[in-house]
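Heads up, the thing below is written out as structure tokens.
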Amino acid sequence: MIDHSAAGTPVRLKPLPLIIFGSRWLQAPLYVGLMVAQAVYVLLFLKELWHLVSEATTFNEQEIMLVVLGLIDVVMISNLLTMVIVGGYETFVGRLHLRGHPDEPEWLSHVNAGVLKVKLASAIIGISSISLLRTFIEASNLGNPASPISAQGVMWQTIIHSIFLVSALALAMIEKMGSGAPAAAHHDRAPHAEH
């Protein structure tokens, strides 16, 4: 197998590096599996949408809001899956050659493992926020024996959401600090290249 260096000259890999580098293709079935999971979420969305439309005349405002928040939750999880599938494949497996394509995601042009982690953390916070909002709406039923949530459940969900927020901020700060390192390293190497 031939690899291409930054200068564009073909470089022939030795057998062991070729096998190690080729092992990245073992991840391809994982991304296909995530696409199947996304199809399941599409079915779930359609099922919930049908439930909303068929019961629209009998639901009260709070029940409609809860179903709509559930739909938004499914959409955000689907967006997260798309980000992992496209960004992960592009970062860890192989190029998708989307450059110049009218539908190329804007975020894909500057994605790397660090940026992908921050984007995933942000998406998880969005999903957690929707779930927490649903919980707060249902909190009006606290004390009712038929209520699906408890005061302790609300407390733990709030704590977990706060931990997600702190983790995402920490990841973003680490990524920001790390993004300055390559530029500094390149600047340090530049004078040596002139000699």
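All of these numbers come straight from a predicted model, not from anything done at the bench.
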Expected output: side-chain Thr135 to main-chain Ser131 donor-acceptor under 3.5 Å: yes
Closest non-hydrogen atom pair between Phe92 and Arg24, with its separation: O-CB, 3.5 Å
Close side-chain approach of Met76 and Ile72, heavy atoms under 4.5 Å: yes
Ser129 versus His161, closest heavy-atom pair with distance: OG-CE1, 3.1 Å
Interatomic spacing from CG in Leu169 to OG in Ser122 - rounded to 0.5 Å: 9.0 Å
Gln38 side chain to Thr82 side chain, donor-acceptor N/O pair below 3.5 angstrom: yes
N/O donor-acceptor pair under 3.5 Å between Thr158 side chain and Val154 backbone: yes
Same apolar cluster: Val40 and Ile127, side chain cutoff 4.5 Å: no
Ile77 CD1 to Ile124 CD1 distance, which is reported to the nearest 0.5 Å: 10.0 Å
Closest heavy-atom pair and its distance - Glu63, Asn60: N-OD1, 2.8 Å
Side-chain heavy atoms of Trp50 within contact of Ser54, under 4.5 Å: yes
Between CD on residue Glu61 and CE on residue Met65, distance to nearest 0.5 Å: 5.0 Å
Check: Asp73 and Arg134 side chains under 4.5 Å, non-hydrogen atoms: yes
Nearest-0.5 Å distance, CD of residue Glu48 to CG of residue Leu69: 12.0 Å
Nearest heavy atoms of Leu81 and Ala37, plus distance in Å: CD1-C, 4.3 Å
OH/Tyr41: more than 12 non-hydrogen atoms of other groups inside 6.0 Å: no
Minimal non-hydrogen separation, Ala56 against Ile64, with atom names: O-CD1, 4.2 Å
Cluster overlap Ile163 with Leu165, hydrophobic side-chain contacts below 4.5 Å: no
Joint cluster assignment, Ile85 & Trp25, ILVMFWY side-chain distance < 4.5 Å: yes
Path from Leu71 to Val75 over hydrophobic side-chain contacts below 4.5 Å: yes
Minimal non-hydrogen separation, Gln27 against Val93, with atom names: CB-CG2, 3.9 Å
Joint hydrophobic cluster, Leu133 plus Val68, side-chain heavy atoms closer than 4.5 Å: yes
